[in-house]
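Accompanying notes for the structure given below.
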Amino acid sequence: GRLDLADAALAGLPKPLPAPLQLQARLAHARLLAQENRTRVAAAQFAALEQSGDAHIAAQAIFYHLNAALAETPRRTVKGP
């Protein structure tokens with residue numbers, strides 16, 4: 001995907017947004033962060049959305065949080081001789 005276009009689209013959203021659209025925008029932003037391998041920041045945003053009080057957004061956040069965690073490549077440690 002074109003992360004630069006997605007980022008620009010999010011930045012171009014009008015302010016202020018109605019509350020349900022704010023949650024959708026925050027979810028989209030967290031997904032974008034995950035795609036940019038900014039996993040710690042994305043994980044924090046997903047966790048906040050999971051506690052948002054909106055069951056639909058919470059379920060989506062859990063799903064995308066899980067996918068981001070599964071897509072993350074584990075760091076390999078190099079052992080000495």
Side-chain angles (χ1 to χ4, degrees):
R2 296 282 314 265
L3 299 179
D4 56 330
L5 293 179
D7 192 33
L10 281 173
L13 288 174
K15 307 233 182 332
L17 287 173
L21 291 179
Q22 287 177 8
L23 291 174
Q24 288 287 344
R26 288 176 54 200
L27 182 63
H29 185 247
R31 291 180 65 197
L32 179 63
L33 292 169
Q35 287 293 312
E36 293 174 338
N37 293 320
R38 297 173 62 193
T39 52
R40 287 186 185 190
V41 178
Q45 290 199 16
F46 285 133
L49 289 163
E50 290 165 17
Q51 302 300 319
S52 69
D54 182 310
H56 185 73
I57 290 291
Q60 287 182 307
I62 291 167
F63 176 78
Y64 291 122
H65 195 173
L66 173 64
N67 280 328
L70 291 173
E72 188 176 0
T73 54
R75 294 184 182 149
R76 295 185 181 172
T77 58
V78 178
K79 294 184 179 182

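Numbers here are sequence positions counted from 1. What you are looking at is a predicted structure, and each value in this text was computed from that prediction instead of being measured.
Tyr64 and Leu21 sit in two unconnected hydrophobic clusters of ILVMFWY residues. Membership requires side-chain heavy atoms under 4.5 Å apart, directly or through other members. Taken together through direct or relayed side-chain contacts under 4.5 Å among Ile, Leu, Val, Met, Phe, Trp and Tyr, Leu23 and Leu13 form parts of separate hydrophobic clusters.
For the residue pair Ala25 and Leu10, the shortest heavy atom distance occurs at O-CD2, 4.0 Å. Looking at every heavy atom in both residues, Ala42 comes nearest to Ala30 through CB-O, 3.5 Å.
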Donor-acceptor pairs under 3.5 angstrom involving side-chain atoms of residues 51-62: please list them, not counting sequence neighbours.
from, atom 1, to, atom 2, distance (Å)
Ser52, OG, Leu49, O, 2.9
Ser52, OG, Asp54, N, 3.2
Asp54, OD1, His56, N, 3.0
Asp54, OD1, Ile57, N, 3.0

Using residues 2-9 as the side-chain source, report each donor-acceptor pair under 3.5 Å to any protein atom, sequence neighbours left out, with the distance given to one decimal.
from, atom 1, to, atom 2, distance (Å)
Arg2, NE, Asp4, OD1, 3.2
Arg2, NH2, Asp4, OD2, 2.8

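Partners of Gln45 under the side-chain hydrogen bond (donor to acceptor under 3.5 Å, both in side chains) rule, at least two apart in sequence or in another chain, are His29. With sequence neighbours excluded, the residues satisfying side chain to side chain contact (heavy atoms under 4.5 Å, CB included) with Ala68 are Ala34, Phe46. Shown here are the side-chain hydrogen bond (donor to acceptor under 3.5 Å, both in side chains) partners of Gln22, two or more places apart in sequence or in another chain: there are none.
Under the salt bridge (charged side-chain N to carboxylate O under 4.0 Å, His left out) criterion, the residue pairs touching residues 20-38 are Glu36-Arg38, with sequence neighbours excluded.
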